[in-house]
**Q** 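Quick one: this structure, given as structure tokens, is what I'll be asking you about.
Just the heavy atoms: all of them, side chains too, but no hydrogens, waters or symmetry mates, feed the values below. Fair warning: this is a prediction, and the values are worked out from it, not measured in the lab.
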Amino acid sequence: NWKVFLITLNYEGQEIDLGGAYQTQIFDPSKQQWVDSPANFDKVHRVELAGLSIPVVDAEDLIRYKEKLNRPMDTTDIEVVRAWMKRELN
């Protein structure tokens, strides 16, 4: 479904994906072709971690990305992100 440079870290049971943000492509079955899906750096949030400023994708952008991938794990991820967003708003 997708082409991306990716490394997955496991921190105390939590998987953390670090991916290539510029060259990501997702297969569009309706067009039968790969389409570019780069990260939107205008909307990233920066998190300070171990003295580094880490760019983190915007939650709404992550949901749209996960909807395009449309794998079973993405449905779960979307539910978790939406629940997090709801908690953050309260």
**Q** To the nearest 0.5 Å, tell me how far L9 CG sits from D17 CG.
**A** 8.5 Å
**Q** What pairs of donor and acceptor atoms, side-chain ones from residues 78-90 against any protein atom, are under 3.5 angstrom apart with sequence neighbours left out?
**A**
from, atom 1, to, atom 2, distance (Å)
R82, NH2, E67, OE2, 3.4
N90, ND2, K86, O, 3.3

**Q** Can you name the salt bridge (charged side-chain N to carboxylate O under 4.0 Å, His left out) partners of K68, sequence neighbours left out?
**A** none
**Q** Can you tell me if E15 and N10 form a side-chain donor-acceptor pair at under 3.5 Å?
**A**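 Looking only at side-chain atoms, N10 and E15 do not form any donor-acceptor pair under 3.5 Å.
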**Q** Could you tell me whether the side chain of I26 reaches within less than 4.5 Å of the side chain of L69, counting heavy atoms only?
**A**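 Side-chain contact under 4.5 Å: yes.
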**Q** Taking the side chain as C-beta and beyond, is there a heavy-atom pair between K43 and D61 under 4.5 Å?
**A** yes
**Q** If we only count heavy atoms from C-beta on, is the Q33 to V35 side-chain gap below 4.5 Å?
**A**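 Touching, per the 4.5 Å side-chain cut-off.
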**Q** Below 4.5 Å, heavy atoms only, C-beta onward: do S37 and Q25 meet side chain to side chain?
**A** no
**Q** Hydrophobic clusters here meaning ILVMFWY residues chained together by side-chain heavy-atom distances under 4.5 Å, can you tell me if V44 and L18 are in one?
**A**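 In one cluster: no.
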**Q** Is there a chain of hydrophobic side chains (I, L, V, M, F, W, Y, each step under 4.5 Å between heavy atoms) that links Y11 to I7?
**A** yes
**Q** Looking only at non-hydrogen atoms, find the nearest pair between H45 and V57 and report the distance.
**A**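 The answer is CD2-O, 4.4 Å.
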**Q** Taking ring pair (Phe, Tyr, Trp, His ring centres under 6.0 Å) as the definition, give me every residue that meets it alongside F27, ordered by chain and number, with sequence neighbours left out.
**A**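 If we apply the ring pair (Phe, Tyr, Trp, His ring centres under 6.0 Å) test to F27, skipping adjacent residues, the hits are W34.
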**Q** Quick one, F5 with T24, criterion side-chain contact (heavy atoms from CB on, under 4.5 Å). Give me CA distance, side-chain angles, the key distance, then yes/no.
**A** CA-CA 8 Å; F5 174 78; T24 301; over 6 Å; no
**Q** When you measure from the side chain of D74 to the backbone of R71, do you find a donor-acceptor pair of N or O atoms at a distance under 3.5 Å?
**A**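 Yes, the answer is positive, given that a donor and an acceptor are paired below the 3.5 Å cut-off.
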**Q** Which distance, rounded to the nearest 0.5 Å, do you find between the CD1 of I63 and the CG of D58?
**A**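 With rounding to 0.5 Å, CD1 (I63) is 9.0 Å from CG (D58).
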